[in-house]
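A short worksheet on the structure shown next.
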Amino acid sequence: MVLHHVSSSRDLGSFSIHVVKGRWSMFFACVLIMSLSGAGYIFALYSGEIKKTLGYDQTTLNLVSTFKDLGGTVGIMSGLINEVSPPWVALLLGAAMSFSGYFMIWLPVTGKITKPPVWQMCLFIFIGANSQTFANTGALVTCVNNFPEGRGAVLGLLKGFVGLSGAIISQLYHAFYGHDTKSLILFIGWLPAVVSILFLPIVRVLKVVRQGNDLKTLYNFLYISLLLAGFLMSIIIAQHKFQFSKTEYVATTSIIVTLLLSPIVIVFREELTLWRKNQDLGTRNININVNHEDITNVPKTTPSEKEVSCWRTAFTPPERGEDFTILQALFNMDMFLLFLTTAFGVGGVLTAIDNLSQIGESLGYKKTTISTFVSLVSIWNYLGRVGAGFLSETLLVKYKFPRPLMLTMVLCIACIGHLLIALGVSNGLYLSSVIMGFCNGAQWPLIFAIISEICGLKYFSTLLNWGAGAIPIGTYILNVVVAGRFYDEEAERQMRVKGMVRKGGEDLTCIGVKCYKTSFFIITAATIFACVLSLVLVIRTRKFYRGDIYKKFRDAHNNGAVM
């Protein structure tokens, strides 16, 4: 028992306060928040319900999906709010938006209110999905600031749990509601909101003294997450072969929740070690110690620093790795290349993920199989995130392997998944789902880490969300203009061949390889273009990544400065 060294009630009280204010407790809270914040990745599970009950064609459904992606990625507002307020503000606003947005979608789908105009549905799903950016900003950005030298591992872990969240939410939903997809819409609104509100007091920026075992502890979190991912994968396979009852869903979900909460043992162990060390140093009665000092309300800039961040310096950025102002980053060529790479790279992958249900239907897969594809995407999304996060961190530190080059490699792999869909390879959607999930997951920690490395951490909460804002541009072009349009044209052609005429309010259904063939050839070309842009970024930053990008953090620690 980790608490066997806590002997007296006074010690227990001191240790309890220490744990609540601890850096690892904060990280664990962020893990739980992130593990339920990926509702955008299970759109395929309830998109068919929206399409059927509201009578949408595929272009209209893809428009709604694009606004979902727009909300899930455009977080400039959450970033700016986080610049001037503590993280709990962003988390609270995100909780309110999550419930209100999905609640307003649930109402017309269940027939409790009349069918709203399409623009209102787009607004509702934008609000609901935009809550994810507030969770990202409040939790993820805070952790990167608290673990600056392990940002790749931290980003990989936290974004990995976001990737797992689709499978986690799906299992919880089946345990609560069976197969009622209408209830799923309300479920993804209230559950993340409750969890975020529960941990509001814990998530905050801390003054941190470097600890030698940080990366080792993060690996312990990784091992538990791998165990969770493995269990999720096994029950997904079992559910594909056997029909689970609600009781069986409840049993498996209980194991998932246990695994999700098990890192608390790591938290208590690490915090107990730090607490005892502080006692040995004579700081036993200090509740807020040097390792866990809250700096949430410390101003991030002085008035003189703010004066520097003006249009006159927008085109004279500092050296890579130093703190850019927001305007300097916006007009920086490295960031522009990364922005376009993100737009067409992630945009193409998200188009595939958002259309999985319709792609599976058009290629003749069963409805239960389509649910398996969604779960596969979620699992491999996780593996891509933690794999890219930890591997890129290790390769960068040991071999100076640049993160932009790893991003280029991931984009090349994504092209294979797009071609499998375009060619309609027999059973190819299984492999394509794995590739799409992995590549989508791997891109996120790489993109966010590159932004933090090139432009610094000072305005990371805003710049992170600016970078993610590229995705809706790509998804609108590739999802609505390309995939949605070609799908509807082919569906209407098939109706004309059968001598049928579409009635008003009737959804459009397309069957066959041709439904997405042209679209995904175009998406493949767009992804290749993103590969070329990423390669240009590799060439531009090769000298920077050959250096020691974490040197300034070690120097700051050695000089007694606050990181």
Side-chain angles (χ1 to χ4, degrees), residues 18-19 21-35 82 86-87 135-162 199 202-225 263-264 266-267 269-271 273-274 289-296 298 300 321 323 385-386 388-397 403 444-453 455-461 463-464 548-558 561-563:
H18 176 94
V19 169
K21 293 180 177 292
R23 189 165 57 132
W24 291 109
S25 299
M26 182 277 309
F27 182 75
F28 176 60
C30 291
V31 164
L32 294 180
I33 292 171
M34 292 288 95
S35 66
N82 200 59
N136 268 337
T137 303
L140 189 147
V141 174
T142 303
C143 286
V144 170
N145 278 283
N146 289 340
F147 297 88
E149 292 183 64
R151 69 188 70 177
V154 167
L155 285 167
L157 261 177
L158 291 178
K159 295 301 289 183
F161 275 100
V162 175
F199 292 109
I202 297 177
V203 180
R204 65 206 189 287
V205 180
L206 306 167
K207 288 182 180 179
V208 181
V209 173
R210 294 175 68 236
Q211 301 293 328
N213 65 337
D214 279 359
L215 191 58
K216 180 181 177 182
T217 305
L218 290 172
Y219 266 103
N220 289 332
F221 274 87
L222 172 64
Y223 300 145
I224 291 177
S225 69
I264 194 67
I266 300 173
V267 171
R269 186 188 65 198
E270 293 302 317
E271 295 300 346
T273 301
L274 290 172
N289 56 66
V290 68
N291 293 302
H292 298 144
E293 185 175 348
D294 193 342
I295 61 168
T296 297
V298 176
K300 296 183 180 180
D323 290 324
R385 291 171 191 234
V386 297
F390 279 86
L391 183 61
S392 67
E393 191 70 31
T394 301
L395 293 177
L396 177 65
V397 173
R403 272 192 242 264
W444 288 106
L446 294 174
I447 290 169
F448 290 165
I450 292 168
I451 291 173
S452 71
E453 287 160 356
C455 298
L457 293 176
K458 188 174 183 180
Y459 297 105
F460 182 52
S461 61
L463 297 180
L464 171 149
D548 187 353
I549 66 174
Y550 292 150
K551 182 177 182 296
K552 68 176 183 177
F553 294 104
R554 289 194 297 272
D555 291 344
H557 169 70
N558 293 333
V562 175
M563 290 193 294

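Keep in mind that what you see is a predicted model, and the values were worked out from it rather than measured.
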Set of residues satisfying ring pair (Phe, Tyr, Trp, His ring centres under 6.0 Å) with respect to Phe448, sequence neighbours excluded: Trp444
Across all chains, not counting sequence neighbours, the ring pair (Phe, Tyr, Trp, His ring centres under 6.0 Å) partners of Phe390 are Tyr219
To the nearest 0.5 Å, tell me how far [X] [atom1] sits from [Y] [atom2].
{"X": "Leu157", "Y": "Cys30", "atom1": "CG", "atom2": "SG", "result": "12.0 Å"}
{"X": "Leu155", "Y": "Leu158", "atom1": "CG", "atom2": "CG", "result": "7.0 Å"}
{"X": "Asn82", "Y": "Tyr459", "atom1": "CG", "atom2": "OH", "result": "13.5 Å"}
{"X": "Phe199", "Y": "Ile33", "atom1": "CZ", "atom2": "CD1", "result": "7.0 Å"}

My understanding is that only residues two or more places apart in sequence, or in another chain, count here; which of them pass side chain to side chain contact (heavy atoms under 4.5 Å, CB included) with Ile266?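 Here the qualifying residues are Thr217, Asn220, Phe221, Ile224, Arg269, Glu270.
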Side chain to side chain contact (heavy atoms under 4.5 Å, CB included) partners of Leu395, counting only residues at least two apart: Leu391, Tyr399, Phe401, Met406
Could you tell me whether the side chain of Leu140 reaches within less than 4.5 Å of the side chain of Val162, counting heavy atoms only? no
In the structure I gave you, are the side-chain heavy atoms of Pro263 and Val31 within less than 4.5 Å of one another anywhere? no
Would you please name every residue forming a salt bridge (Lys or Arg N to Asp or Glu O under 4.0 Å) with Glu393, sequence neighbours left out?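 For Glu393, the residues satisfying salt bridge (Lys or Arg N to Asp or Glu O under 4.0 Å) (neighbours in sequence not counted) are Arg403.
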Asp323 side chain to Leu457 backbone, donor-acceptor under 3.5 Å: yes
Check each of Val203, Leu218, Val267, Asn146 against Phe27 using the side-chain contact (heavy atoms from CB on, under 4.5 Å) test, and report the only one that passes.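 Only one option passes, and that is Leu218.
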Heavy-atom pair of closest approach, residues [X] and [Y]:
{"X": "Ser461", "Y": "Thr137", "value": "CB-CG2, 3.9 Å"}
{"X": "Ala139", "Y": "Met34", "value": "CB-CE, 4.0 Å"}
{"X": "Gly156", "Y": "Val386", "value": "O-CG1, 3.4 Å"}

Got a sec, which residues hit side chain to side chain donor-acceptor pair (under 3.5 Å) with Ser452, two or more places apart in sequence or on another chain?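 Side chain to side chain donor-acceptor pair (under 3.5 Å) list for Ser452, sorted by chain: Arg151.
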